[in-house]
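Below you'll find the structure, written out as structure tokens, and then a few comments.
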There are 2 protein chains.
Amino acid sequence: MPQLGPPIPPWQRAPRAPRSRPALSLELIVSTALRLLDEGGMDALSMRKVADALGTGAASLYAYVANKEELLEHVLDRVIGEFEVPDPEPERWAEQVKDGVRAMRRILASHRDVARFAMARIPTRGNALHSIERFLAILRTSGLPDQAVAYAADILPLYATANAYEDALWAERFGSMQPEDYEPFIAQLRDYFKGLPADRFPNITALADVLTRNEGDERFEFGLDLLVRGLQSLATPPPAGARPPGP
Amino acid sequence: MPQLGPPIPPWQRAPRAPRSRPALSLELIVSTALRLLDEGGMDALSMRKVADALGTGAASLYAYVANKEELLEHVLDRVIGEFEVPDPEPERWAEQVKDGVRAMRRILASHRDVARFAMARIPTRGNALHSIERFLAILRTSGLPDQAVAYAADILPLYATANAYEDALWAERFGSMQPEDYEPFIAQLRDYFKGLPADRFPNITALADVLTRNEGDERFEFGLDLLVRGLQSLATPPPAGARPPGP
DNA sequence: ACCTGAACACCGTTCAAGT
DNA sequence: ACCTGAACACCGTTCAAGT
């Protein structure tokens, strides 16, 4: 029960607050949507719930966004705005690239289900453009051919997003993506692998332990290292005389 | 129009087919769900629509699957069943790994929106287990350390799935993922990049052409090559003294 | 035991009607 | 011009009631 003060006779009331809720705006709709998403995940982000949190009806949102998809694009761009890319330091471009991918994943994962609709959108809104521009600046100091720079600028964010997407689903299933929270599940999976018939599953049973290793960012870092090492090998021309191994 | 034979008088008909529709079964529910997904994408796959196609009500499905999520898992496993992994040929493991990742992407992309729920599920059902087992067999002939094999077995399917996910969204937006269907959109994006103020976006404007290059699988192959080359560099011990790499 | 109609608590989006 | 109540056409899931 809310505490009620003594009753105020109508004639003493303020002349009816201009509006108890602020006027609607795209800005306000987007921040409300992001807040709901952060608090309750994707299920909490419906047009109706956003409108409700703003004290209006869902139909009113359609004056500012064409549809839910467009609202999600704005939310994504707002999150991308948190991504700060440093000025290029050419002699350590590879480490800067890694730091950038790590930051992308961290920021996406910190906003719960944002990663789940971040994939496959070609982000062309303001903040995304700015981030791409600055990420390209770092990649270009590598000496890689332009097309390799362009593909890398696509693939690295895809890798960050895919990992953040997985993070989000782990968090959904276990209430958090902290390893200790889902360790029992991992242990169960490990036992399941170990208990498989070894004649039909010789590799899974033999590798059960490493397949279910659950050590923070190790797997993410492993893949990131593969990608960036590959880029470095393209940037560094093979030593004259020697030929790279291959088929 | 199907060819109809001469009309058969009612008294010659079979004594009323035991049921005009076959009995429900998990098998039947899963194939119906996959058919609807292939035909109409994710929007066509609802519990109600699957039930409808089977001539029953949505509630009846819950005798066979706990919820929609479980149905999707079965659909995914059915699709994974199309994935055929060859026997290992140790001397060309890297090429076999690449072929495997290509096949994963191709199969996922051929089933429209399957990729959209394939991510981040740890597939432990029958077909998935079998595929993982055989993929591990190939990876283990590389000579990579066990943990690297295990991480690779996670990351490579993630890469295939993330790309197939993008394919699916392109197909959704443009009715197909054939490059010629969305070339106008790409051209528009290219012009947009080129028209940006060059002082604020020097890299995007300079790279507009390569950033919007749209040549089939090139980008996918580029990333796949980075990953597999990275694995090869881990498998081949560095040339201490004079170690000849390769076969 | 198995199946299901109807209900519950939601969706995104549209549109006529209000101010 | 801006806003919105109510409606439309959907969802996934539950459950009492039927056979």
Side-chain angles (χ1 to χ4, degrees), chain A residues 15-37 39-76 112-114 116-118 121 169 172-173, chain B residues 16-37 39-76 112-114 116-117 121 169 172-173:
Chain A
R16 192 185 198 283
R19 217 43 148 111
S20 73
R21 58 187 160 88
L24 233 42
S25 72
L26 179 59
E27 190 61 20
L28 190 59
I29 291 171
V30 172
S31 20
T32 304
L34 181 56
R35 181 168 57 76
L36 291 181
L37 187 75
E39 288 169 4
M42 189 148 264
D43 290 346
L45 204 176
S46 75
M47 298 299 274
R48 289 169 123 100
K49 282 170 183 156
V50 172
D52 220 53
L54 290 164
T56 182
S60 302
L61 307 182
Y62 288 85
Y64 299 88
V65 292
N67 46 40
K68 189 181 184 182
E69 169 70 20
E70 197 177 295
L71 174 55
L72 295 183
E73 275 175 34
H74 280 109
V75 170
L76 176 59
R112 295 188 61 139
D113 289 346
V114 171
R116 291 171 77 166
F117 56 78
R121 275 182 186 76
L169 288 187
E172 183 185 270
R173 268 188 260 180
Chain B
R16 190 186 197 286
R19 224 29 155 114
S20 73
R21 58 187 160 87
L24 233 43
S25 72
L26 178 59
E27 190 62 19
L28 190 59
I29 291 171
V30 172
S31 20
T32 303
L34 181 56
R35 182 168 56 76
L36 292 180
L37 186 76
E39 288 169 4
M42 191 147 260
D43 290 344
L45 205 177
S46 75
M47 299 299 272
R48 290 169 121 102
K49 282 172 183 156
V50 171
D52 220 53
L54 290 165
T56 181
S60 301
L61 305 183
Y62 288 83
Y64 299 88
V65 292
N67 47 39
K68 189 181 183 183
E69 169 70 20
E70 195 176 297
L71 174 55
L72 294 183
E73 275 175 32
H74 281 109
V75 169
L76 176 59
R112 295 186 60 141
D113 290 346
V114 171
R116 291 170 77 167
F117 55 79
R121 274 180 188 73
L169 288 187
E172 182 184 274
R173 267 188 261 181

Legend entry - Qualifying residue, where the test is side chain to side chain contact (heavy atoms under 4.5 Å, CB included) with B:Thr32 and the options are B:Val75, B:Leu37, B:Leu54, B:Leu24: B:Leu54
Take atom [atom1] of [X] and atom [atom2] of [N], then tell me their distance rounded to the nearest Å.
X: A:Tyr62; N: C:dT13; atom1: OH; atom2: C1'; answer: 5 Å
X: A:Ile29; N: C:dG12; atom1: CD1; atom2: C1'; answer: 15 Å
X: A:Arg48; N: D:dC8; atom1: CZ; atom2: P; answer: 13 Å
X: A:Lys68; N: C:dG12; atom1: NZ; atom2: P; answer: 4 Å
X: B:Leu26; N: C:dC3; atom1: CG; atom2: P; answer: 13 Å
X: A:Lys49; N: C:dA9; atom1: NZ; atom2: C1'; answer: 10 Å
X: B:Asp52; N: C:dC3; atom1: CG; atom2: C1'; answer: 16 Å
X: A:Leu61; N: C:dT14; atom1: CG; atom2: C1'; answer: 14 Å

Inset, instruction - State the dot-bracket string of DNA chain D. Criteria: Watson-Crick or G-U wobble, both atom distances under 3.5 angstrom; notation: ( ) intrastrand, [ ] crossing earlier pairs, | interstrand, . unpaired. - result: ||.|||||...|||||.||
Inset, instruction - Hey, which sits more toward the 5' end of DNA chain D by its nearest nucleotide, B:Glu69 or A:Tyr64? - result: A:Tyr64
Inset, instruction - Tell me which of B:Asp43 and B:Ala59 sits closer to the 5' end of DNA chain D, going by the nucleotide each one is nearest to. - result: B:Asp43
Inset, instruction - Using the C1' atoms only, state how far D:dA9 lies from C:dC10, rounded to an integer number of Å. - result: 13 Å
Inset, instruction - Would you sort out whether B:Lys68 and B:Leu61 count as a side chain to side chain contact (heavy atoms under 4.5 Å, CB included), showing the intermediate values? - result: CA-CA 9 Å; B:Lys68 189 181 183 183; B:Leu61 305 183; over 6 Å; no
Inset, instruction - Would you indicate, yes or no, if C:dC10 has its OP1 or OP2 atom less than 4.0 angstrom from a side-chain nitrogen or oxygen of A:Ser46? - result: no
Legend entry - N or O in side chain of B:Ser60 less than 4.0 angstrom from C:dC3 OP1/OP2: no
Inset, instruction - Identify, with sequence neighbours excluded, every residue that meets salt bridge (Lys or Arg N to Asp or Glu O under 4.0 Å) alongside B:Glu27. - result: B:Arg78
Legend entry - Test item: A:Leu45 and A:Leu34 side chains (from C-beta on) under 4.5 Å apart, heavy atoms: no
Inset, instruction - Find the distance between OH (A:Tyr64) and CG (A:Leu71) and round it off to the nearest 0.5 Å. - result: 13.5 Å
Inset, instruction - With side chain to side chain contact (heavy atoms under 4.5 Å, CB included) as the test, would you mind laying out the steps for B:Glu73 and B:Val65 before giving the verdict? - result: CA-CA 10 Å; B:Glu73 275 175 32; B:Val65 292; over 6 Å; no
Legend entry - Residues B:Glu172, B:Arg116: salt bridge by 4.0 Å N-O rule: yes
